[in-house]
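Working notes for the structure below.
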Amino acid sequence: MKAGFLALPLIALPFVLNDFWLTQIATRALILGITALSLSFLATYLGVVSFAQITLAGIAGYTIAYFGPNTVGVGIKLPFWVSIPAALLFSVTAGALIGYIARRSRGIYAIMITLAIGVAFFYFTRQNYAVFNGWTGFSGITAPVVAGTSLRDPSTLYFLSLATAAIAVVLVSLFARAPLGLAIQAVRDAPSRVMALGIPVTTPVVAAFAFSGLIAGGGGILNVWYQERISSFSVGLGPIIDVLIIAVIGGLRHPLGAFLGAIVFVLLDTFAVDLIDRDRFNTLIGMVLLIIVMVAPNGLQQLAADAVAKLRAKEHQSGKSARIKTNT
Amino acid sequence: MKRLKIAATALAIGAVVAPAQAEDIKIGVISILEGAFASLGQDGIRGAELAVKEAGGVVDGQSIDVITMSSDASPDSAVNAARKLIEQDNVDILVGPLSGSEGIALRDLSKSYPDITFINGSSAAQDTTLRDSSENFFRFGGDGAQWMVGVGQYAYEEMGYKSVAVVAEDYSFPYTQVLGFMSEYCSAGGRVPEKFWTPIGNKDYSSVVYSIPDDVDAIFVALGGADAVNFLTQYDQAGGDKPIIGGSITIDSSILESKGPFKNLLIGAPAGTPTVSDYEGDEWIAFTALYNEAYPDGFSAPSIFAHHYYMGAKAAMLALDEVDGSLDDGQQAFRAALTDLEFVTPTGGTMRLDENRNGIIDNFVTEVYEREDGSLGTRVVKVVRDVNQVLGQDPEIFLASGPVSRDNPSCP
Amino acid sequence: MRLFLIVTLNGLTLAALYFLAASGFSLIFGLMRTVNMAHGALLLLGGYVGYDVVELTGSWMLGIACGGLAAALAGAAVQAGILGWMQGDELRQTLASIAISIVLADLMLWYWGGITYQVSLPDILSGGQKLPLLGVGYANIRLALMAFAVVVGVMLWFLIQRTRFGAVIRAGVDDQDMLRALGFPIGRIFIAVFALGSALAGMAGVIAASALSISPGTDLQFLLSSLVVVIVGGMGSIGGAALGALLVGLAEQYGLAYAPTYGVVFTFGIMVLILAVRPQGLMGRSEQ
Amino acid sequence: MSGASTSVVEMATDSVLDITNLDLHYGSSHVLHQVNLSVSHKPLSILGRNGMGKTSLCQAIMGLHRHSAGNIRFCGREIGAMPPEQRAQAGLAYVPQGRRVFRSLTVDEHLQIVERSGAAWNRERVYDTFPRLAERRRNLGDRLSGGEQQMLAISRALLLNPRLILLDEPTEGLAPTIVDDVVTLITNIVEEGIAVVLVEQNMHAALQAVDEVAIMVGGQVVDVLPSEQLASDSELQNHYLGLDLVNN
């Protein structure tokens, strides 16, 4: 009932929005939301804020670019049904590797080691021409054509992103309830106790990062189809911070927070220039961000949930009092 | 169905910004207005606006709306800015972007929007038009290699430099500039024993400074903005005394007007550029006067960016005038007018396009000199007219030598 | 060999600058666990103000003082007005300070424009001199940098290890709640330390503008280098910041001289490697 | 001197600390339920088994954990809304469970940062009272033995020249001879005219030092009775505290 309440308008969107709103706003928000979800998943269930999620998305994106059609003459062209699994495989493997490197880091130190990994990857892609084509990166990437329809077609890409987002949300909830997911949460709550029980901490941490790599990889593939290009800039500090902003303003406690944060971010990023003197839009973005951080400590999702709860309580109250009145 | 879609869209857009009037012709301008390139990007916008202002802001009774968008030097942001301008602000013509990788990104994007005309701003990557060119992407200007034509020969023959070291940023634009310099310099007989590719935004060049071989005659520096300032300062402080040869954005009014003691190093330095701040040509003097009048807060003379955005927007205005402001038929007539356009540039040459819609330009070899008031200016020592994208070589041979890179070309 | 020695010297002087920039960041993190992502913006602000003051008065020392003061005031305002309200919530503070840095960077771009500034040096520091053993010219300001770093380092050490205020800061690092229970108004101490850390950043900004240059984007560069320096060395330890600065400064210069293509990658590679082996940094204490 | 003695008499009739209907939550778990407690100048001990809410009560009194409902009055002033530092300045001193000495401060620095000039307790007096601390004055906090740390924690509190000292399990983990020293010390503090609240699991130590005992069970104060009564009634001890504690 609740899912339907959410799904119906989302499915109806392509029929009411023009291409700009559908692709540049809705699809872009979904794609960013998927990558941000991989961050909020780690934050919520493992208690680790990872700045390396853009790196994982980027690894998947670069794989698609390298093994797909592009206009820079780098890479080997493979059919998409090979390159897509390869992209996910790489992002999952990279996730596992990052998890292994960061397995002992907590709190601020985990943020820093993942940031270092992210920035190192960024500089590597910028300097390496053989695989990543350096500064310029890959352009002219086209999404696969399936049954005569390009996956980059606005409605198709939207539905594809929506489906991926839905699957990611479901996977996160399933994973959280699976034995491995429970072990991860135990690590979050008391790593030393888990170790005392004789359970190695490494396995759950690596698994959690690998799983986040799967989700981020999905976002990365969609992103490279959406952008039709990828370069060192796509994995730089800017996108890294964008995804963090999205996850945190949306709220880390609920999978839907990432998407709420993404839509707010995309709207702000796109329209800030229209709302204020075109030269000072960054000030506006910064201010809005600051206000959200200050008034919504647990993110917009929590803020919205509280508002709904309050509204319900009020309704409930007035309903009750009405009933009492009729009774008397 | 379609009607419903349009209505809903109008509603959605109307909620955010009021749509502009339908009759206007809208030109979107993309430039970099944040970070290290901000002041240069600002000057690009000035150039584009100047061309529109010059025409009175009207073509054949239709007013011209200029809408600007900022990118952050990344191709992704340039593409997002372009999509927003096209799909949400409904621009007809796009002018921009500023930097090389952004240019290639917009070239690719232009293939997805065949009904929009893209006119390059100041981005100067070679492949934007040379390889995989796009029918609706025009560049009324040259690439980074064209901008160096004349310098190699001048350095070898006039200055007598038999070998030079190269210090340049490690990305495509400087690669292109180095190619332009070296292809001439090497065939004249010069040698380039070492190239130092430094990361863009590097602060501390001291280790590069001390690695420069003692036996070179000069240093070719293709760095921009703060990077150039940092390198030159540190070279100066280390007691370095080799003459400098400058890239196109190493020696530009935006650099000459920066504050700092390093500037003495530049006096006498030759450079290749399509834009000379102190050029004595009548057209340039008139252009500078126009610029100064419109932008008292701008630089003392238009920068390379103002100059190139101006030429792009000017071409758009001229071609619009030719088709009486009509952009029907998918802008076919407008594009035909652009393709056949010939106009006198602020530097006094005649701008026209080659078959890849890339400009055939005039290039200058300049040298830096000190004005009486102590400020620095550049003066022209040589003008090379009609420089095409293959630098006067046989197109097939030129293309066969491959795209620019760290190692192409090479003559150690 | 000669090149190696010169590159080493370059690494040391760069390390000195990094230490100056990072020490304030480390101080703030050490006491409050605040990752102040606006540190780079405060550094840049100090640099700009310092430039203006030097142009106006011709006094370099005054420029340094005013640059530090401007950053200290801005930093105190940030802590008192924003970050102090979310004390203990590291992630929110990180994000809020990112937002602050975005706003600050944009406002500075507005006021100072995008051009590159270099602070003109007093005569004694400008120019260079021939190094006796190596036989090459070397900038005076870079040699002076090392002296500055040592002086600042010693002063900081003295402040923290030998004064009552320093003892209070150390007590706060160890156990904030206990310090409060002894009657210390932690909010005000936090503001003071934030101002002190910011003042160090502001002064480093003026020095960076003298030895190198400043322009939009300098804020991010120094934020990143400060992060690496402090994390490699161990958060909150002044000795650690010095060690981290040495490692990063040397790595960067050796990279630039001997492996320019991947030099920058090495710096961050070192950071990953160290954190993988010692999650709390070289001289950091593990949490709890 | 005579003035001081009259004020002691006066205060003895008044209560120093008044806690009424105090509730405390940690997230969703309800830790303190409607705690009522009044502390006069007679030393009082709060006894109870592990997990009964004793430390939470201390932290609520100090303000280190905000209570969710109820009042805390100290010397006639409501302090419930004050941050911890203001409560300390008002005359409330805290010797926490586990001592919590600063590991990177020397003994001398611990005392130096709290010392106020011209007060009754100063560094000199501390060193006179605890020669052992004087010997160890250059040692860092985490290089001290448990007993020394306890001396330091109590000295640190005394230097605040408080009206009330709240001690949370000061004998925990100490050797029996040291426990006796601590008990003597508390008795001396009481004689100084400083009110004492002693939270303990060690009933025997507590009963030696105080006149009155409050019993905490399940986040509530269930009984307040003279120490002699509890000392003599083993059934009562068993009932409230369980065998493990009594045999301790």
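Source: prediction; values computed, not measured. Convention: sequence-line order gives letters A, B, ...; per-chain numbering from 1.
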(message) Would you say the ring centers of B/Phe299 and B/Tyr291 fall short of 6.0 Å from each other?
(response) no

(message) Quick check on the interface: out of C/Gln129, C/Arg2, C/Arg142, who has the most heavy-atom pairs with chain B under 4.5 Å?
(response) C/Arg142

(request) Against chain B, label C/Ile6 side chain, backbone, both or neither, depending on which of its atoms sit under 4.5 Å from a heavy atom there. (result) side chain

(request) Select one option (side chain, backbone, both, neither) describing which atoms of C/Val264 are under 4.5 Å from chain B's heavy atoms. (result) side chain

(message) At a 4.5 Å cut-off on heavy atoms, which part of B/Phe196 comes close to chain C: side chain, backbone, both, or neither?
(response) neither

(request) Answer with side chain, backbone, both or neither: which region of C/Tyr262 has an atom nearer than 4.5 Å to a non-hydrogen atom of chain B? (result) neither

(request) Answer yes when B/Lys242 and B/Asp217 have at least one side-chain N-carboxylate O distance shorter than 4.0 Å, and no when they do not. (result) no

(message) Please classify the contact of C/Leu3 with chain B as side chain, backbone, both or neither, using a heavy-atom distance under 4.5 Å.
(response) side chain

(message) I'd like to know if the side chain of C/Ser210 pairs up with that of C/Gln118 as donor and acceptor (distance under 3.5 Å, no hydrogens or angles considered).
(response) no

(request) Select one option (side chain, backbone, both, neither) describing which atoms of C/Leu220 are under 4.5 Å from chain B's heavy atoms. (result) neither

(message) Is the distance between the ring centroids of B/Trp197 and B/Tyr175 under 6.0 Å?
(response) yes

(request) In plain terms, say whether B/Asp215 and B/Arg191 are close enough for a salt bridge, that is, a side-chain N and a carboxylate O under 4.0 Å apart. (result) no

(message) Quick check on C/Leu17 against chain B: is it the side chain, the backbone, both or neither that has a heavy atom closer than 4.5 Å?
(response) neither

(request) Go through the steps for B/Ile67 and B/Val29 under the test side chain to side chain contact (heavy atoms under 4.5 Å, CB included), then give the verdict. (result) CA-CA 6 Å; B/Ile67 305 169; B/Val29 183; over 6 Å; no

(message) Using ring centroids (six-membered ring only for Trp), state whether B/Tyr235 and B/Tyr205 fall under 6.0 Å.
(response) no

(message) What part of C/Gln221 gets within 4.5 angstrom of chain B, counting heavy atoms only: side chain, backbone, both, or neither?
(response) side chain

(request) Please look at C/Ala208 and chain B and tell me whether the side chain, the backbone, both or neither of the residue comes under 4.5 angstrom of a heavy atom of that chain. (result) neither

